[in-house]
Asker: 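I am attaching a structure below and will ask some questions about it afterwards.
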Amino acid sequence: MSNSQYDASKVESKWYNYWMKNNYFHSSPDEREPYTIVIPPPNVTGVLHMGHMLNNTIQDVLIRRARLQGKNACWVPGTDHASIATEAKVVARLKEQGINKSDLTREAFLKHAFEWKDQYGGIILEQLKKLGASCDWARTKFTMDDDMSASVIKVFVDLYNKGLIYRGYRMVNWDPEAKTTLSDEEVIYEERQGSLYYLQYDIVGATEKVTIATTRPETILGDTAVCINPNDDRYTHLKGKQVIVPLCNRKIPIIEDEYVDVEFGTGCLKVTPAHDENDKVLGDKHKLEVIDIFNEDATLNSFGLHYEGKDRFVVRKEISKELEEKGFLLKVEQHTNKVGTSERTKAVIEPRLSDQWFLKMEELVKPALEAVFGEDRAVKLFPRKFENTYRHWMTNIRDWNISRQLWWGQQIPAYYYGDGKEDFVVAETKEAALKLAQEQTKNSELLLEELHQDPDALDTWFSSWLWPMSVFDGIRNPENEEIQYYYPTNDLVTGPDILFFWVARMIIAGYEYKDQRPFENVYLTGLVRDKQRRKMSKSLGNSPDALKLIEDYSADGVRVGLLLSSAAGNDLLFDEALCQQGKGLGNKIWSAYNLTQLWTVSKDIEQPIASTIAIDWYRSKFNAVVTEIEDHYSKYRLSDAIMAMYKLIYDDFCGWLLEIVKPAYQQPIDAKTFNDVIGIFEDNLKILHPFMPFITEEIWQSLKERTTEEALIISKYPVIDTCDEDLINDFEFATKIVSGVRTIRKEKNIAFKEAIALFVMNNESYTKRFDVVIKKLVNANEINYVNEKVDGASFRVKSNEYFVPISLDNINVEEEIEKLTKELKRAEGFLVGIQKKLSNERFVSNAPETVIALERKKESDTVAKIETLKASLATL
RNA sequence: UGAGGUAUAGCUCAGUGGAAGAGCGUCACGCUUACAUCGUGAAAGUCAUAGGUUCGAAUCCUAUUACCUCAACCA
């Protein structure tokens, strides 16, 4: 007897510990087929948010299913050092303690950073355990582990030696807050309300002025030309002249270029090569001077005149005022434009010229494009709509700026031996670098101390793009057993927001270093939004606390809730009510478990025929549903899979099967039925296990008379058998009969306890094999087959007519007539439609025969139904 | 600006040419001896709009509208 309340928090930690203790999550290479997932490594200092919950639940579902299917399932967990985000956090924290980063040596700063990492790193992994994630924790990796960093350095040196990495003076995205560059992908464009300033420049040797529109008046101090379109008739007189930059009174040339849009602003463009990508291109073309007016924190430098030291936005306000006072400002218009901001610090990006390291992408992307668009589709994206985005990015890719002016990350292995920009060598170690430098300079006297390593660190993604290989040490030891066994991995589950940052680059690296795809399938989940469709974010405060949710609804409930709402390919509108639904499913199956354990089993009674047929039916139904579920899995439609399971458990198992086999109150159940039901219960638990790992293990372990496997988590997935479709269809017909009787009971107020008699006019020649089942479910003491109508309430299933004799007092003739008339009208209308179709010559001659046959069947069914309805009405 | 996506019940979504579906929610009735975290029943849709193709359109085509995503961007 077990009817105790289900206490999720106790049960969940109990089984998680049990699984851990028995090493069920651990994988090592063996003769089985591997199934591998590498986790998208979360930020080491991050906390679990809904996006993590979703994609880790999905990964766990896939891993647990693979494990049950007998594969060697390996899910590699780990964290990412997230250079900018983490360094920013550490800097902020040091500031709180009164320490400035600039006062620290690199070594001292890194010491602080690692302390921080040791303190907060891994919290997120602990939280994943609460969710039930069955990662192989012994394999936990961090992108800055020594071996991982060594792989990164090795790859850098290799790419450099292949001529793919170069150092260049380029315009890059500068984050003045983090004081580092960003890759193009780390810049988020935001629409901002701004102003368009119309400034008047004096023309040398003329009294008139020329008007220029700009959104950034502070940058005039860096102007080195004014550009007009040579085809612009308005400005022909300006050709070859010079203008004077207001305030700094610098004389700059007027140049001509068709790049200028005649329509926009005044058709006259100021050129600031140091602070705008396009201006830089113009500047290079026309050999203009480059004047950088900013410091690295975006305050003005000495070119800023009396604004030196002030922030760019302060200067924008002040300079526009000064320009106005001095008569240079003609007018100001409202103007919305998109402003680049830093993904990490939110600071407005400043285009800036500087020396950076770049990776040439042109050749590297080729196999990665082929992987997705080649005939064999080596890498498949789910949903496919992302292929377009992928193609666009890959074909428009620019060289990847991989250096960051940060300390937290792998330091670039370039060593300078002189003052010149080109006086450097690249090597994995300082010693190797020395040797190279000595060769290069032909100076064997060069000393180790004279080498200075480049201070920059590598972009975080330059380490995570190796993740599927480096976690198996496949970069340093490409022939080792693990990489041979686990690579390529099978599925990757992640958000579409890092399709380029990470997914695309892993594919690139995979082909470059293993000449193989890193994974076969990429399942891109939707973004998690709240009910108002807002993206969940910390700043909005609309993201629920993950652990609190687990506390309230159990991990199983939250997992189901998340999956229910995550229709494939769509964003997911998260609603706690769905977790409640998940919890409800847990409760339902728990109570079903209680029921089976309440029964006393008797070996002395025969199995009732109703039980025999119900069990046959359920087995067929189960196979049909599992087949459907497998199809959903193959398309990564997990929300459809869980829904199919939900209905199977709720309706078919609990609602029908258990109700049919349930013995009368305090009566024992026959042993055959009991064992069959337990066997069925076990199969249900197995298919449900990937979704609700805890409650299924708990129930399975406690089931009486179950199979003797060691634990559900490592048991064998049910083998899908064929199903008997007739049996399923006939049962469905029977459920309609049951519903019909229930409706009558309800309408006529007949208590369930009161047994009824049921009469049938079997026009459909419907099987009688479910009569015992129907009798039990509707509490009928007899089912009689008749040829004539019986007085009482009636209903129809197809053209079969069913009667429940009740005293005439209970029948409201008017209501009955109304009901039947309505039903008749509908049937007649329907018939008209079909007959019209069938009498249409073109339909009959064009439509395929099966369709016509179907229509004829519909016609005869409807005619039969109309006849029975008419007959019923006549007797009233 | 370009590319892609979406529009079906109150909500979230299935449904790719042949009788409009599911879950949740809502309403009504029921504590029937696993579960009231439940059961039974019911109501609820001009399939965004306008055209077209077809014997037949939620489904295919065209245009329009609205929203979403990605990419680019003009000072």
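Keep in mind that the numbers below use all heavy atoms, side chains included, and drop hydrogens, waters and symmetry copies. The structure displayed is predicted, hence computed values, not measured ones. Order of the sequence lines fixes the chain letters, A, B, ..., with proteins taken first and strands second; residue numbering starts at 1 for each chain.
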Asker: I'd like to know if A:Asp631 pairs up with A:Lys635 as an ion pair, taking the criterion as any Lys NZ or Arg NE/NH1/NH2 lying under 4.0 Å from an Asp or Glu carboxylate oxygen.
Answerer: yes
Asker: B:G21 and B:U53: how far apart are their P atoms, nearest whole angstrom?
Answerer: 29 Å
Asker: Compare side-chain N and O positions of A:Asn846 against OP1 and OP2 of B:C55 and report whether any pair is under 4.0 Å apart.
Answerer: yes
Asker: Using the P atom as the reference point in each nucleotide, state the distance between B:U12 and B:C29 in Å, no decimals.
Answerer: 30 Å
Asker: Quick one: do A:Arg637 and A:Glu628 make a salt bridge, cutoff under 4.0 Å?
Answerer: no
Asker: Taking only side-chain N and O atoms of A:His392, does any of them lie within less than 4.0 angstrom of OP1 or OP2 on B:G2?
Answerer: no
Asker: In Watson-Crick or G-U wobble terms, both distances under 3.5 Å, what is the partner of B:A71?
Answerer: B:U1
Asker: Under 3.5 Å, is there an N or O donor on one side and an acceptor on the other linking the side chain of A:Glu747 and the base of B:A28?
Answerer: no
Asker: Side chain of A:Cys654 only, heavy atoms from C-beta on: which candidate in B:A34, B:G5, B:C74 is closest?
Answerer: B:A34
Asker: Could you give the distance separating B:G41 and B:C24 at their P atoms, to the nearest angstrom?
Answerer: 13 Å
Asker: Considering only NZ, NE, NH1 and NH2 on the basic side and carboxylate oxygens on the acidic side, decide whether A:Glu218 and A:Arg312 come within less than 4.0 Å.
Answerer: no
Asker: Reckon A:Tyr189 touches a base, only the sugar-phosphate, or nothing at all at heavy-atom distances under 4.0 Å?
Answerer: base
Asker: What's A:Pro496 touching, base or sugar-phosphate or nothing? Going by heavy atoms closer than 4.0 Å.
Answerer: nothing
Asker: To the nearest Å, give me how far apart CZ (A:Phe681) and P (B:C35) are.
Answerer: 14 Å
Asker: Between A:Lys280 and A:Glu277, does any side-chain N to carboxylate O distance fall below 4.0 Å?
Answerer: no
Asker: If you check every side-chain atom of A:Lys588, which of B:C38, B:A75, B:G15 has the closest atom?
Answerer: B:C38
Asker: Nearest heavy atom decides the nucleotide; on that basis, is A:His335 or A:Met643 closer to the 5' end of RNA chain B?
Answerer: A:Met643
Asker: Name the pairing partner of B:A9, where a pair is Watson-Crick or G-U wobble with both distances under 3.5 Å, or state none.
Answerer: none
Asker: Below 4.0 angstrom, N of the basic side chain to O of the carboxylate: do A:Glu333 and A:Lys331 qualify?
Answerer: yes
Asker: Which residue, A:Asp575 or A:Asp651, contacts RNA chain B at a nucleotide closer to its 5' end, judged by nearest heavy atom?
Answerer: A:Asp575
Asker: Determine the Euclidean distance between corresponding C1' atoms of B:C73 and B:A3; express it in Å to zero decimal places.
Answerer: 15 Å
Asker: Within this structure, what is the NZ-to-C1' distance between A:Lys746 and B:G39, rounded to whole angstrom?
Answerer: 8 Å
Asker: Could you tell me whether the side chain of A:Lys583 has a donor or acceptor atom within less than 3.5 Å of a complementary atom in the base of B:U37?
Answerer: no
Asker: Sticking with atom P, work out how far B:A14 lies from B:G5, rounded to a whole angstrom.
Answerer: 15 Å
Asker: Looking only at side-chain atoms of A:Lys647, point me to the closest of B:G4, B:A22, B:C35.
Answerer: B:A22
Asker: Validate the cation-pi geometry between A:Arg391 and A:Phe373: distance from NZ or CZ to the six-membered ring centre under 6.0 Å, angle to the ring axis within 45°.
Answerer: yes
Asker: With both distances under 3.5 Å as the test, what is the Watson-Crick or G-U wobble partner of B:G39?
Answerer: B:C29
Asker: With respect to the side chain of A:Asp261, which nucleotide from B:A75, B:U69, B:C73 is positioned closest?
Answerer: B:A75
Asker: Please tell me which of the listed nucleotides, B:C74, B:G5, B:A34, lies nearest to the side chain of A:Tyr259?
Answerer: B:C74
Asker: Under 3.5 Å, sequence neighbours excluded: what are the donor-acceptor pairs made by side chains of residues 649-661 of chain A?
Answerer:
unit_1: A:Glu659; atom_1: OE1; unit_2: A:Lys662; atom_2: NZ; d: 3.3

Asker: Please check the phosphate of B:A34 (OP1 and OP2 only) for any side-chain N or O of A:Lys662 closer than 4.0 Å.
Answerer: yes
Asker: Base, sugar-phosphate or nothing for A:Thr272? Non-hydrogen atoms, less than 4.0 Å.
Answerer: nothing
Asker: Please confirm whether the backbone N or O of A:Glu732 pairs with a side-chain atom of A:Thr735, one donor and one acceptor, at under 3.5 Å?
Answerer: yes
Asker: Between B:C74, B:C35, B:G18, which nucleotide gets closest to the side-chain atoms of A:Asn278?
Answerer: B:C74
Asker: Whether A:Tyr650 contacts B:C38 is assessed here as follows: a side-chain N or O lying under 4.0 Å from the phosphate OP1 or OP2. Is that the case?
Answerer: yes
Asker: Which base, if any, makes a Watson-Crick or G-U wobble pair with B:A63, both distances under 3.5 Å?
Answerer: B:U49
Asker: Would you mind reading off the distance between A:Phe843 atom CZ and B:G18 atom P, rounded to a whole angstrom?
Answerer: 12 Å
Asker: Can you see if the side chain of A:Ser565 gets near the phosphate of B:C13 - specifically, an N or O under 4.0 Å from OP1 or OP2?
Answerer: no
Asker: Distance between the C1' atoms of B:C74 and B:G15, in whole angstroms?
Answerer: 46 Å
Asker: Is the ring pair A:Tyr802/A:Phe795 parallel, tilted or perpendicular, if the boundaries are 30 and 60 degrees?
Answerer: parallel
Asker: Measure the distance from NZ on A:Lys753 to P on B:G39 and round it to the nearest whole Å.
Answerer: 20 Å
Asker: Among B:G18, B:A34, B:U32, which nucleotide sits nearest the side chain of A:Val851?
Answerer: B:G18
Asker: With the side chain of A:Arg529 defined as its heavy atoms from C-beta on, choose the nearest nucleotide among B:C68, B:G18, B:C35.
Answerer: B:C68
Asker: A:Asp861 and salt bridge (charged side-chain N to carboxylate O under 4.0 Å, His left out): which single residue from A:Lys857, A:Lys865, A:Lys858 fits?
Answerer: A:Lys857
Asker: Expressed in angstrom and rounded to an integer, what is the separation of A:Tyr390 atom OH from B:G5 atom P?
Answerer: 19 Å
Asker: Quote, to the nearest angstrom, the C1' distance that separates B:G25 from B:G4.
Answerer: 33 Å
Asker: Counting side-chain heavy atoms from CB outward, which of B:C24, B:U33, B:U69 is closest to A:Gln581?
Answerer: B:C24
Asker: Begin with the C-alpha distance, continue with both residues' side-chain angles, and end with the deciding distance and a verdict on side-chain contact (heavy atoms from CB on, under 4.5 Å) for A:Leu703 and A:Gln597.
Answerer: CA-CA 7 Å; A:Leu703 273 180; A:Gln597 306 303 293; 3.5 Å; yes
Asker: Nearest whole angstrom, please: distance from the P of B:C24 to the CG of A:Leu573.
Answerer: 18 Å
Asker: Could you state the atom-to-atom distance from CG of A:Asp276 to P of B:C74 in whole Å?
Answerer: 6 Å
Asker: A:Lys635 side chain N/O closer than 4.0 Å to the phosphate oxygens (OP1, OP2) of B:A14?
Answerer: no
Asker: At under 4.0 Å, does any side-chain N or O of A:Arg398 touch on OP1 or OP2 of B:A71?
Answerer: no
Asker: In whole Å, what separates the C1' atom of B:U8 from that of B:A58?
Answerer: 7 Å
Asker: Let me know the distance between CD of A:Glu628 and C1' of B:A22, rounded to the nearest Å.
Answerer: 11 Å
Asker: Considering only heavy atoms, which members of residues 210-224 of chain A lie under 4.0 Å from some atom of RNA chain B?
Answerer: A:Ala213, A:Thr214, A:Thr215
Asker: Could you check which of B:G23, B:G39, B:G41 has an atom nearest any side-chain atom of A:Arg742?
Answerer: B:G41
Asker: Measuring to OP1 and OP2 of B:U37, would you say a side-chain N or O of A:Tyr6 lies under 4.0 angstrom away?
Answerer: no
Asker: Going by the angle between their ring planes, with limits at 30° and 60°, are A:Trp590 and A:Tyr6 parallel, tilted or perpendicular?
Answerer: tilted
Asker: So, OP1 or OP2 of B:C29: does either fall under 4.0 Å of a side-chain N or O from A:Asn749?
Answerer: no
Asker: Counting any heavy atom closer than 4.0 Å, what does A:Glu659 reach on the DNA or RNA strands: base, sugar-phosphate only, or nothing?
Answerer: base
